[in-house]
Undergrad: 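Okay, here's the structure, questions in a sec.
Throughout, a chain's letter reflects where its sequence line sits, starting with A, and its residues are numbered from 1. The shown structure was predicted, so the numbers you read here are calculated from the model rather than taken from an experiment.
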Amino acid sequence: MSEENTSADREGLDFIRRIIEADNASGKWGGKVVTRFPPEPNGYLHIGHAKSICLNFGLAQEYGGACNLRYDDTNPEKEEVEYVKSIEADVRWLGFDPAKIVWASDYFGTMYAYAQELIKKGKAYVDDQTIEEIRLNRGGITGGTNSPFRERSVEENLELLERMKQGEFPDGSKVLRAKIDMSSPNFNLRDPVMYRIVHAEHHNTGNQWCIYPMYDWAHGFEDSIEAVTHSICTLEFENHRPLYDWFIDSVNEGRTDDGSGPWGKKIHHSQQIEFAKLQLSYILLSKRNLRKMVEDGTTSGWDDPRMPTISAYRRKGYTPEAIRAFCKHIGVNKFDSVIEHSVLENFLREDLNRRAPRVMGVLRPVKVVITNFPEGDVEWLDAVNNPEDPAAGMRKVPFTRELYIEQGDFEEVPPPKYFRLTPGKEVRLRWAFFIKAESVVKDASGRVTEVHCTYDPATRGGDSPDGRKVKGTIHWVSASHAINCEVRLYDHLFKTPEPTKFPEGQDWTVNLNPQSLEVIADAKLEPSIAGAAEGQHFQFERNAYFVVDRDSKDGKLVFNRAVSLKDSWSKEQKRG
RNA sequence: UGGGGCAUAGUGUAACGGUAGCACAACAGACUCUGACUCUGUUUGUCUAGGUUCGAAUCCUAGUGCCCCAACCA
């Protein structure tokens with residue numbers, strides 16, 4: 001095959017897809033692509049996992065392969081069944097269908113047999129040293145010291161391992177270690193621990209096992225058993241790859257392709273590939289910190305819309321399409337980078353702009369009285385549901401003498417370039433009439449409580465027959481028809497783009513944004529919103545995209561702000 | 001002081017020896033019954049220094065900077 005052709009085919013592909021295409025071209029895996037997404041069920045999935053999910057499941061889709069969802073449940077002390085359900089739900093919500101749903105614990109028996117095999121091959125031993133001794137003897141950069149238990153006989157090792165498994169020894173008293181090289185510059189190769197004793201009930205295997213495999217020992221076999229071709233993990237495992245390979249190679253030592261000989265047939269050896277995990281500005285992504293936020297009440301739970309979990313983004317109003325498009329856009333690489341959170345937000349805007357029906361809602365109301373509109377009369381006006389989607393059709397909105405508009409849409413003394421409602425100037429009420437402010441009513445503190453206006457009946461529908469133009473169009477809601485809703489306005493949980501940067505002696509909590517949630521108890525929504533169902537998206541025109549929250553009750557809808565509309569006016573104002 | 005990895009506008013990402021392109025951000029403008037959307041234009045970049053070459057982001061050498069590694073976590 002010619003160099004030119006392959007490089008042309010590879011244009012724009014990330015390094016992982018290039019590896020896959022090269023493998024497919026060489027026939028390395030017989031054209032198969034098998035991946036896996038292997039979360040540990042010790043927390044909810046977050047947006048960083050979404051990158052991995054889109055990568056692993058996406059690869060399987062693109063190359064006609066398969067991707068398994070595999071719970072990496074090798075540590076019974078940290079894992080909870082509660083998380084298992086959320087993980088699968090999040091994967092499916094993102095739009096992916098696991099080829100198989102499997103557990104690392106399904107393979108404990110096979111791994112144990114491999115461990116026995118390594119002992120027989122003189123490649124593993126039971127170590128009686130304490131944790132402290134092991135750590136000390138691992139040494140510094142110059143190398144470590146061999147364990148005094150390193151040369152036990154095969155028989156003794158086999159017997160000890162079996163008794164460890166049966167629970168005859170207390171936690172921490174013994175471990176099984178690989179016999180590799182205590183002088184290796186790679187610490188992972190200095191006789192790494194394969195099994196530790198843990199007398200704990202496992203959510204899948206119960207009390208069957210008193211020893212549990214370490215990640216390095218287990219992971220390659222999980223991949224091997226599932227015939228994973230490309231085992232994709234994050235950068236910090238790069239130093240572990242020699243160990244990943246060593247364990248598989250050691251099992252394969254003495255084995256044959258056809259299964260003849262004392263050790264049997266060779267096992268599958270997946271290729272580990274490392275990529276840089278996702279980092280986003282304004283958020284914290286370590287499970288430890290997320291758990292803390294849930295436990296100490298910083299947020300209301302794993303799916304509090306201010307959390308960076310997938311379930312929180314969902315509740316906040318993000319769509320799987322937006323998250324998938326984002327993950328595709330950011331690509332995959334081998335170097336760390338921090339992506340601006342606004343990039344994610346833009347993908348949501350792009351998606352919701354296309355699909356979200358528009359509706360008028362006034363969050364901070366001020367009353368408008370149309371003094372020349374008859375009391376008690378109602379005009380039902382036509383409004384376009386979604387200008388981006390003609391198929392979305394039309395709806396009727398009621399116009400009456402008393403309306404609500406946004407406080408920010410009226411200024412008695414307008415700043416420069418202000419083209420909303422202001423005394424003596426005409427604006428258009430969206431889908432309705434031109435109105436002109438004539439006078440204001442103020443309370444004792446001087447705050448405007450009512451704006452008295454006149455309307456021009458000839459401008460019904462929003463256009464003037466005489467060709468008169470207005471610069472501003474504002475949204476409104478009929479006071480007597482308004483539906484009171486709760487609206488939750490979310491902002492970043494952290495006020496700084498890098499929450500992990502904080503002064504000496506403090507922690508990230510100093511970076512929490514005290515204004516990350518504002519609740520508006522009685523926003524005024526147009527009546528067409530009645531009956532909106534949980535999870536439905538809307539654009540409140542000139543404001544933001546919202547989704548109906550699960551806290552909604554029959555009497556009262558609750559909306560979460562997913563993302564605001566871009567607002568060049570507020571930008572203009574800030575500039576002064 | 002050992003080992004492993006990585007460096008392209010403000011932020012991401014492409015270009016795989018042949019004109020440094022795209023998105024977001026920023027800025028200027030057009031359009032507009034959403035100050036939204038859309039459209040047009042502008043600014044800003046190959047970590048540094050050498051070398052190979054007609055030609056280097058790309059190959060070589062040296063340096064600099066950043067990330068990861070000494071859990072019985074994953």
Undergrad: Taking the same atom, C1', in G45(B) and in G10(B), what whole-Å distance lies between them?
TA: 11 Å
Undergrad: Does E40(A) reach a base, just sugar-phosphate, or nothing at all? Heavy atoms under 4.0 Å.
TA: sugar-phosphate
Undergrad: Please determine if R355(A) and E321(A) form a salt bridge, counting it only when a charged side-chain N lies under 4.0 Å from a carboxylate O.
TA: yes
Undergrad: Can you figure out which of A71(B), G5(B), G12(B) approaches the side chain of E238(A) most closely?
TA: G5(B)
Undergrad: Report yes if at least one side-chain N or O of R177(A) is closer than 4.0 Å to OP1 or OP2 of C72(B); otherwise report no.
TA: no
Undergrad: For E162(A) and Y112(A), run side-chain hydrogen bond (donor to acceptor under 3.5 Å, both in side chains): C-alpha distance rounded to whole Å, both residues' side-chain angles, the deciding distance at 0.1 Å, then the answer.
TA: CA-CA 9 Å; E162(A) 181 62 25; Y112(A) 187 77; 2.7 Å; yes
Undergrad: Whole Å only: how far is the CZ atom of F15(A) from the P atom of U8(B)?
TA: 15 Å
Undergrad: Please write out each protein N/O paired with an N/O of nucleotides 64-69 of chain B under 3.5 Å, distance rounded to 0.1 Å.
TA:
{"from": "C67(B)", "atom 1": "O2'", "to": "D336(A)", "atom 2": "OD2", "distance (Å)": "3.0"}
{"from": "C68(B)", "atom 1": "O2", "to": "N239(A)", "atom 2": "ND2", "distance (Å)": "3.2"}
{"from": "C69(B)", "atom 1": "O4'", "to": "N239(A)", "atom 2": "ND2", "distance (Å)": "3.3"}

Undergrad: Check every atom of G12(B), C6(B), C24(B) against the side chain of S342(A) and return the nucleotide holding the closest atom.
TA: C24(B)
Undergrad: State which of A71(B), C24(B), A7(B) makes the closest approach to the side chain of F335(A).
TA: A7(B)
Undergrad: Quick check on A14(B): syn or anti? Syn means the glycosidic torsion is within 90 degrees of zero.
TA: anti
Undergrad: Determine the contact category for P213(A): base if any of its heavy atoms lies under 4.0 Å from a base atom, sugar-phosphate if only primed atoms, P, OP1 or OP2 are that close, otherwise nothing.
TA: sugar-phosphate
Undergrad: Taking only Lys NZ, Arg NE, NH1 and NH2, and the carboxylate oxygens of Asp or Glu, determine whether K287(A) and E40(A) approach each other closer than 4.0 Å.
TA: no
Undergrad: Closest-nucleotide mapping onto RNA chain B: is S337(A) or P38(A) further toward the 5' terminus? I mean the 5' end.
TA: S337(A)
Undergrad: Considering heavy-atom distances to RNA chain B, does K469(A) or D72(A) have its closest nucleotide positioned more toward the 5' end?
TA: K469(A)
Undergrad: What is the nucleic acid contact for D171(A), judged by heavy atoms within less than 4.0 Å: base, sugar-phosphate only, or nothing?
TA: nothing
Undergrad: Where do W103(A) and H203(A) land on the ring-ring contact (aromatic ring centres under 6.0 Å, His included) test, with the steps shown first?
TA: CA-CA 11 Å; W103(A) 307 76; H203(A) 66 100; 5.2 Å; yes
Undergrad: Starting at atom CD of Q129(A), determine the distance to atom C1' of A71(B), rounded to an integer number of angstrom.
TA: 15 Å
Undergrad: Under a 3.5 Å cutoff on both atom distances, Watson-Crick or G-U, what's the dot-bracket for RNA chain B ([ ] crossing, | other strand)?
TA: .((((((..((((....[..)))).(((((.......)))))....(((((..]....))))))))))).....
Undergrad: Are D181(A) and S184(A) linked by a side-chain donor-acceptor pair shorter than 3.5 Å?
TA: no
Undergrad: Does a side-chain N or O of K334(A) approach OP1 or OP2 of A7(B) to a distance below 4.0 Å, or not?
TA: no
Undergrad: In sequence, state the C-alpha distance, the side-chain angles, and the governing distance for Y125(A) and L160(A), and then conclude on side chain to side chain contact (heavy atoms under 4.5 Å, CB included).
TA: CA-CA 9 Å; Y125(A) 62 97; L160(A) 254 18; over 6 Å; no
Undergrad: Using a heavy-atom cut-off of under 4.0 Å over every strand shown, decide if I134(A) touches base, sugar-phosphate, or nothing.
TA: base
Undergrad: When the distance from CD of E133(A) to P of A71(B) is rounded to whole Å, what number comes out?
TA: 15 Å
Undergrad: How does protein reach along nucleotides 35-46 of chain B, written 5' to 3' as B (base within reach of a heavy atom under 4.0 Å), S (only sugar-phosphate), or - (no contact)?
TA: BSS---------
